[in-house]
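Below you'll find the structure, written out as structure tokens, and then a few comments.
Note that the structure is a prediction, hence the values are computed from the model and not measured. Hydrogens, waters and symmetry mates play no part in the numbers below; they use all other heavy atoms, side chains included. A note on names: the letters A, B, ... follow the listed sequences, proteins ahead of strands, and every chain is numbered from 1.
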Amino acid sequence: MMVNENPKTPNMQGLICPLPHTQSETVVIGHGSGGSMTRDLIQNIFQSRIGNDALAEGNDAARLHFAELGGQVAISTDSHVVSPLFFPGGDIGRLAVAGTVNDVAMLGARPTFLTAGFILEEGFPIKSLIQIIDSISKTCQEAQVQIIAGDTKVVEKGKADGLFINTAGFGLIPEGRQIGGQFAQPGDAVLLSGSLGEHAIAVLQARGELGFDSGIQSDVAPLNHMIADLLDNVPNVHVLRDPTRGGLATSLNEIACQSEVSIHLQEDQIPILPNVRIACEMLGFDPLYLANEGKVIVILPEEFVDIALNSLRQSPYGAMATRIGTISQKNPGQVLLHTAFGSTRMLSMLSGEILPRIC
Amino acid sequence: MPTESGMPGFLSGYRDADRVKKVIEQIHQITNQTWTLMEICGGQTHAIMQFGLDQLFPEKIELVHGPGCPVCVTALELIDQALWIAQQANVIFTSFGDMLRVPGSTGNLFSVRASGGQVRVVYSPMDAVKIAQENPEKEVVFFAIGFETTAPANAMAVLQAEKMGLQNFSILPANVCVPPAMHAILSSPANRIQGFLAAGHVCAVMGYWEYPPIAKQYQTPMVVTGFEPLDLVRGVYKTIGMLEEGRVDVENAYPRAVTFEGNQVAQSLIMQVFEPVDRNWRGIGTIPKSGYGLQENYQGFDATHRFDAGNIQTAESELCIAGQVLQGIKKPVECPAFGSLCTPQSPLGAPMVSAEGACAAYYQYKRET
């Protein structure tokens, strides 16, 4: 390394590798991407210090045994910091309820109760707060859950961005149900309940970052009824996972690692709305990495594919449900995408933050 | 829906598997000898990997990946300069998003932002002009990187700022040009390239009138090529066709976007504001007249004149073989740091940073295959 001899410039000596990695001294935006930086942060900072069996399962919700309740419960928590608070198709309130309801439902549990904590910034309009609470109420009615405990804190102007909401959710797991990212089996089929990327594009739209009107609405929705119906029809589902931050690609990579299997996808079977595809082309995004808030990945034995698809398609949130792939034993931990041209490529986990292509 | 020329009318048609497979079959039929082609543009490298097209070509065809990623070739001293400017208290530093992660000698624009610098991502240099208008008390600097594709918009931003009388807007000129890089690659003693897929978007702006003399001088056929799978396989088909026939010419396989003359309004904007200057390409070295600097009467908009970053001493990673990758001499997987010490999360060199960088494309799509 050369020595910096100019006193006017900052010290140019030191690390060659400049990017905050696990050895980062500060938190960076990429740590919240939901991809491998988030995973590393959780493993290295959180799990190594506050780890336990429930956390180690690595699912969206924890599965706990309560003998006195006669079975298992699922508990999950999720903080919501979306900006802006209102976007086409939803708002932070609907997101806060649906996000937690879905996380609980992904273990096959029936979500019943939520808690909600609000961090409000001084100066936040009461009118907006009412709008958001009304939206929470409406979404709770739809999902048939109740908010049974809450908390409110106000911080000085400039110490938060309007409003943050944390919700936690609780639900009973019916007897004998074993659903989780670790249960995918070779030979299983991979289903997806609908098209990808709408939530992320709708939020970008609301931020004014698109520069055009995509007409895309967020897919944010509570999926618990659709999932309950599915599990009534097909009791032996192995995996349920909602592909939120990091998108389908990241969720499937997590499952491939948890279950020690490989996942083979048919690229031309993955549903993506034309306007989402166009927005992605213009901005340089891959829709397989974009966040969804109303979609579920279902992994189950081959023989139940038709009945499961029929069940999902009965719900307005599953109308476009389709099969996208298969689980295999070879190359555990990998997700492979088979293109319509006959080629195959790796689908890796989202690494850091998503950035637009520049030319 | 096919148009009169027999080309598909919509983007999806350029991804039609049957059409693509048919052209690939034709490539197999005409390929007898061993050929090494270079796709100039990082967008093409990315698309080839994303669609796995390289797996479908005959083994006799080797594709090497060119230096056509502006993020990758932007010189380290320019990035260090950008980092220094972005750290100044009164500055809003604006940049395309990809540049934020590119490692300088120490740190990157993300780390400048994390330590309090005002670094903003913009999608167009005109957004930077707008920020300058809205923040008259701040110095707003735009990192004007890119090939001939971004140069017209960068020129437009300068003209717009002049028209609006903005005293607080400047650009850090970093534009580079493709033809001098082609000269540099083809005249190198290590050159293995026998045919070029010319970068379609650059040609959409510049046309391809600059290319016939280069093709002739180095006896290397070139085909202007687009970015969709059908565009790419057609570009390869035409290039192999010329090579097998022993013919040297420049052909256009991207006629829906490119004419011989190019976009003359855009070219005259470039000529009005910029002039060719020698430029250092990261990993390659200085290529004569390969960049755009501001002409004398626009130098008031040159950030290097407004900010004296002094004599910056740069320090490049000793492990990184980016230079050889960018010249097509080595493949990313031949780098000892690839995928271990060097990943998109902690890149040692710029080709691992940008989505269009060859190393990032290999990392994302080809690690295990």
Side-chain angles (χ1 to χ4, degrees), chain A residues 1-30 35-37 40 209-211 267-268 274 277-278 281 283-284 286 331 334 336-348 351-359, chain B residues 11 15 17 20-21 24 43 49-53 55-56 70-71 80 83-84 87 96-101 103-108 110-111 114 121 123 145-147 149-150 201 229 308-315 317 341 343-348 354-356 363-369:
Chain A
M1 304 263 316
M2 288 191 200
V3 177
N4 169 39
E5 288 162 352
N6 189 331
K8 285 180 77 176
T9 58
N11 183 7
M12 294 287 183
Q13 297 177 68
L15 277 177
I16 294 167
C17 161
L19 239 226
H21 197 191
T22 46
Q23 66 271 39
S24 169
E25 287 181 12
T26 53
V27 172
V28 295
I29 284 292
S36 53
M37 286 185 80
D40 292 347
E209 288 188 16
L210 289 190
E267 188 170 34
D268 52 3
R277 200 178 280 288
I278 290 166
E281 289 292 332
L283 297 169
D286 185 337
N331 307 316
Q334 286 196 17
L336 296 162
L337 192 71
H338 300 278
T339 72
F341 313 115
S343 57
T344 303
R345 66 171 157 105
M346 266 183 60
L347 201 58
S348 44
S351 60
E353 62 299 314
I354 293 185
L355 291 170
R357 201 166 55 207
I358 59 158
C359 71
Chain B
L11 190 59
R15 295 190 180 174
V20 171
K21 282 180 186 164
I24 286 179
M49 298 296 154
Q50 183 184 359
F51 296 104
L53 299 177
Q55 302 163 29
L56 307 174
V71 168
D80 285 349
L83 296 177
W84 189 87
Q87 282 167 337
F96 294 130
D98 271 18
M99 287 310 292
L100 268 61
R101 269 199 292 166
S105 292
T106 58
N108 57 18
F110 269 126
S111 59
V121 171
Y123 292 85
I145 68 145
F147 280 89
T149 37
T150 60
H201 290 162
D308 182 11
N311 181 23
I312 289 174
Q313 299 291 313
T314 58
S317 160
L341 287 171
T343 66
Q345 284 173 44
S346 61
L348 292 178
S354 166
E356 297 190 356
Y363 185 86
Q364 195 169 359
Y365 301 128
K366 285 193 81 127
R367 245 176 306 160
E368 310 291 333
T369 51

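Proximity of a side-chain donor or acceptor of A:Ser343 to a complementary backbone N or O of B:Leu53 within less than 3.5 Å is not detected. Within the 3.5 Å criterion, the main-chain N or O of B:Gly52 finds no donor-acceptor partner in the side chain of A:Arg345.
Nearest heavy atom pair, residue B:Arg15 against residue A:Phe341, reads O-CE2, 3.4 Å. For A:Ala340 against B:Ala17, the heavy-atom pair with the smallest separation is O-CB, 3.3 Å.
Remark: B:Gln50 CD to A:Thr339 OG1 distance equals 10.0 Å, nearest 0.5 Å.
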